[in-house]
Amino acid sequence: MNKMLKYIAGTSLSLLAVSLTHAQQKEPYRLGTPAGLLQDIRSQAQRPHARLVSATELKIGAGAVLTGKVNSRHTDGKNMESVIGEIENTPGSSFYLQVKDGEVTGNIILRGSKKGYKYYTDKTGTAYVKEVPLDELLCIDYNKAPDEGTGGRTAPANTSVLSALALPELQSLPGANGVVLLDFDGQYVSGTLWNNGNPINAAASTLSDAEKQEVWELVSEDFRPFKLNVTNSEAVYNTYPANRRMRCIFTPTNTAAPGAGGVAYVGSFNWGNETPCWVFNGGVKGAGDAASHEVGHTFGLSHDGRTTPAEGYYAGHGNWAPIMGVGYYVPVVQWSKGEYTSANQLEDDLAKIASSTYGVGYRNDDAGGSTGAAAALNVISGGTVNTNGVIERTGDVDFYSFTTSGGPVSLNFATPTRQPNLDILATLYNSSGGVVASSNPTGLSASISATLGAGTYYVSVTGTGYLNPANTGYSNYGSLGSYAITGSISATTAATVYKDCNYGGYAVGLSAGSYTLSQLQARGVVNDDISSLKVASGYEAILYKDDNFGGDAYLFRGDFSCLVDLSLNGAPLNLNDWTSSIVIQPSTAKAAARTTGSLQYIEKISSAAAAESKLGTTLNVLPNPFVNDVVVRTTATTKEGYLYVSVFALDGKTVLPAKRIVNGEKIDLSGVAKGVYLIRIFNGKDTEIRKIIKQ
């Protein structure tokens, strides 16, 4: 068989002179089988006079050969061999060839002639080499950024506080599927594709701690739509597998690409061989934009340029530019799919990053996309609004509900970072879904003010475009990222909890909604500290022993002056200093079909995990979590053989009105949004409430 890579043994470090013949053809050149190539590399490396520093013969076409010098060889002795080096007598050149588990990968880089060759294996298991445009393999000619102050997403960082503090550990999404390490501390890089396999001892970044913090904000916001953790922690980086992580090194040591603003190998995020990407720019704008650009390359993204005039990097128009172009000079820099005039690149940046190729994917949606699936707006004591979310996908709409006793409502919407990408459109709806008001955004933020009657309302948040994406603005395609809703509403206080008996000590009013321990603490309620309770007419409160609505639970209607001296079914009950989470919801008394003949009502609700139930020996709600439907089944006696079932969101909103079912009947919840719900089951005598999870 033809030799595909040949070690030429020598007695000194000098290399045999072999002429370079560059193939002019564009068709792939067949090399043979991966197994044959693996054996050829291995057998020639083991010859008596072979050494690591040797010459190689790289076929790139019929009769076309490049001679290279091997600087680094990696082997596992079983199914993997790789060699890294440079082409003889060709400045700015390098090569990389790997055979692993029957797959051939690699490339040849010729910067001087701007040519590249790609090694790959097709679906039949045959190895090929093909000439490709150089920027399909490597980020080339990405210029350094101008001095800070000539343009930027925002004003320079406020360093008055940060400059006095050491940079803390930063994580944009702990536990995400993949990670990007922003490495500011200097790094010794050896045995990678950079510098032809020779070591690079990169110096630490010259950025201040304040600038590092803001660079992290910028890169985090660019990758906010994805399950990707952007961090500055080496320890966090090391917890991820090698093919789900990328190191981005910030350094003035530009050995990897002299004169460039940064550099990366295209598609290298999942290579698993610790090949990093690089940023050489200084300043927040230059370093941050370059980092997102280079990390974008590692996810397989190509450059965004134009065909007319012919240019490799588009600097944008108006106040917008694409991340994979050059965004140094404008404030809004977003992912793109080539919607501007004369775009030379129409690839879908978002889909490519989120593809199964890299194992990262999009973030989960954090709020429903309709009034029926709306999450509860976080309204704290005094009607202050404080809710955060993320627009993860183009066209994503997040809905929130709130109840007001009537009066003025003022809501502000903005990205809680100095480096926003999301241009926000907000809309206010009434209980019937009719539009009450829409925001008139100035810049990327938005606001709504209105005077409302008493009732339930909804507010939606989504990304929007600006002017014409062809030449003056942008569409909603890349208008993605984080947002915060702040402001105030005239909220109905559905329940009030007190520190002491007889309604003494602090008093915290709660509107309808679900409150974990952290959410209660944010409102001033201390864990295990509630001693009395008032529940407004038409509402009920469920007090849980544990955080996140776990453990035993009791349902209350009415006012209770002291939780020490309670009585349930004739037995004394003490729930003083007991509560860790609470659900406040509209009363379900009709669904329960049970009254006590007084203004006070208390009922025990078993733990969601408990096997025993007041409905009898066993109650099963399966499957849980579920996808489309659940089955409710009990061995307890049921009145006339029926159960009465209703489903509520954690904010108290009815998802499924009370419905009579046969014991063991399937309940269709396919139209319900993903999330956590409460299902209430009544058998004619006793009531049980369980948590269920829609996947």
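Position 1 is the first residue of the sequence; numbering continues from there.
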Exercise. Any side-chain donor-acceptor pair under 3.5 Å between Tyr96 and Gln98?
Worked result: yes

For the residue pair [X] and [Y], is the inter-centroid distance of their aromatic rings smaller than 6.0 Å?
| X | Y | value |
| --- | --- | --- |
| Tyr265 | His297 | no |
| Tyr29 | Tyr128 | no |
| Trp320 | Tyr466 | no |
| Phe299 | Tyr358 | yes |

For this session: Could you check whether the rings of Trp335 and Phe226 sit parallel, tilted or perpendicular, using 30° and 60° as the cut-offs?
Result: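 Correct class here is perpendicular.
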
Exercise. Parallel, tilted or perpendicular: which fits the ring planes of Trp278 and Phe280, with parallel below 30° and perpendicular above 60°?
Worked result: parallel

Exercise. Out of Thr415, Val332, Leu218, which residue meets the side chain to side chain contact (heavy atoms under 4.5 Å, CB included) rule with Pro420?
Worked result: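 Testing each of Thr415, Val332, Leu218 against Pro420, the sole residue satisfying side chain to side chain contact (heavy atoms under 4.5 Å, CB included) is Thr415.
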
Problem set entry | From Val459, Thr387, Leu425, Leu422, residue fulfilling side chain to side chain contact (heavy atoms under 4.5 Å, CB included) relative to Phe413 |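 With Phe413 as partner, Val459, Thr387, Leu425, Leu422 yield a single side chain to side chain contact (heavy atoms under 4.5 Å, CB included), made by Val459.
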
Exercise. How would you list, by chain and number, every residue that makes a side chain to side chain contact (heavy atoms under 4.5 Å, CB included) with Asn198, sequence neighbours excluded?
Worked result: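 Once residues adjacent in sequence are excluded, the partners of Asn198 under the side chain to side chain contact (heavy atoms under 4.5 Å, CB included) criterion are Asn71, Glu86, Asn195, Asn196.
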
Exercise. Is it the case that more than 12 heavy atoms not belonging to Lys352 sit under 6.0 Å from its NZ atom?
Worked result: yes

For this session: Could you tell me whether Arg224 and Glu221 make a salt bridge, using a distance below 4.0 angstrom between a side-chain N and a carboxylate O?
Result: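 A salt bridge links Arg224 with Glu221.
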
Problem set entry | Partner set under salt bridge (charged side-chain N to carboxylate O under 4.0 Å, His left out) for Asp183, not counting sequence neighbours |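 Applying salt bridge (charged side-chain N to carboxylate O under 4.0 Å, His left out) to Asp183 gives Arg247.
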
